[in-house]
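Quick notes on the structure that follows.
These numbers come from the heavy atoms of this one structure, side chains and all, not from hydrogens, waters or symmetry mates.
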Amino acid sequence: MTNEYFFDTDCLSAFLWINDTNILKELYGGRIIFPSPVYDELSNPAIPHLKRRAESLLEDNSARIQDIEVGTEEYDIYQGLVSGNAGSKSIGNGEAAGIALAKVYKGVLASNNYRDISPYIDKYDLKHIDTGMILVEALNKGLITEEDGNVIWSKMLAKNRKLPGESFTDYLKMKSTNKGYKEKPYI
C-alpha cells in the first residue's frame, strides 16, 4: 500500500509561498491530501496566490481535498483535538485535520508544528514528515543538490517560514549529529 500524505497548512505553505511545488509533485504526486480545513485556510482572501498555487496541484491531480464527514472516526478525533478534549490543549484546525486523517487512513502527517502535533504523533503512532525531511528526501533521490536545498531554505526563511537552522546545510548537520534537532523544532 502506498502512503497518502496529509498536509497541514504550514508545511504546505512553505512550498506554496516560494512558488515551488515541483518537489512535492515529484515525491508525492497523486498522494498529496489537503484536509478540507487546510484548503479553507488557504482560501483566505488576503493570500489568494497561495490558493491559486494549491489549486494547480489539484488541477494536475497531484493533490486532492479530503473532507471530514460528521459521524466518522476522523470527525470524532478532529473535534476532540480542536476542542481540547483529546487529552491536551486545543490545536489548530489544519493540524487537527491532518492528525485525524493520517491516523484513520494510516497515512503520513506532513506538519512543521511540533508544539501542537508532538503529543499526537506518539499517542496515535503516526508517521510524520516536515519541510526539512521533505528536502532531505528530495536530496537523497537526486531531485535537488545541497546547494539547491540552501536556496530553497533561504527563500522559505525570507517568507517568514519557521525552519530549524539558518540553512539547509545546518539542518543536514543537525540531522547527522542529532544535535539540536529535537531541541530546536519548528515553532
To the closest 0.5 Å, what do you measure between [atom1] ([X]) and [atom2] ([Y])?
X: Phe168; Y: Lys175; atom1: CZ; atom2: NZ; result: 10.0 Å
X: Asn113; Y: Ile99; atom1: CG; atom2: CD1; result: 8.5 Å
X: Asp10; Y: Asn112; atom1: CG; atom2: CG; result: 4.5 Å
X: Ile129; Y: Asn3; atom1: CD1; atom2: CG; result: 9.5 Å
X: Ile117; Y: Leu126; atom1: CD1; atom2: CG; result: 8.5 Å
X: Leu109; Y: Lys103; atom1: CG; atom2: NZ; result: 13.5 Å

Practice prompt. Run the salt-bridge test on Asp60 and Lys25 with the 4.0 Å N-O cut-off and return the result as yes or no.
Written response: yes
When you check the gap from the basic side-chain N to the acidic O, do Arg115 and Glu95 get nearer than 4.0 Å?
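The answer is no: the pair does not qualify as a salt bridge.
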Look at the aromatic rings of [X] and [Y] and report parallel, tilted or perpendicular, splitting at 30° and 60°.
X: Tyr5; Y: Phe7; value: tilted
X: Tyr75; Y: Tyr78; value: tilted
X: Tyr171; Y: Trp153; value: tilted

*Hey, is the main chain of Asp148 close enough, under 3.5 Å, to the side chain of Thr145 for a donor-acceptor pair?*
yes
- Query: Backbone N or O of Ala14 within a donor-acceptor pair of the Arg161 side chain at under 3.5 Å?
  - Reply: no
### Task
Scan Lys106, Arg64, Lys127 and name whichever one has a salt bridge (charged side-chain N to carboxylate O under 4.0 Å, His left out) with Glu4.
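When salt bridge (charged side-chain N to carboxylate O under 4.0 Å, His left out) is applied between Glu4 and each of Lys106, Arg64, Lys127, only Arg64 qualifies.
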Fill in: Test item: side-chain donor near acceptor, Tyr39 and Glu55, under 3.5 Å
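The criterion, which ignores hydrogens and geometry beyond distance, is satisfied for Glu55 and Tyr39.
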Output, in order, the C-alpha distance, side-chain angles, deciding distance and verdict of ring pair (Phe, Tyr, Trp, His ring centres under 6.0 Å) for His128 and Tyr114.
-> CA-CA 10 Å; His128 169 257; Tyr114 283 89; 5.2 Å; yes
Could you tell me whether Glu146 atom CD has more than 12 heavy atoms of other residues or ligands within 6.0 Å of it?
-> yes
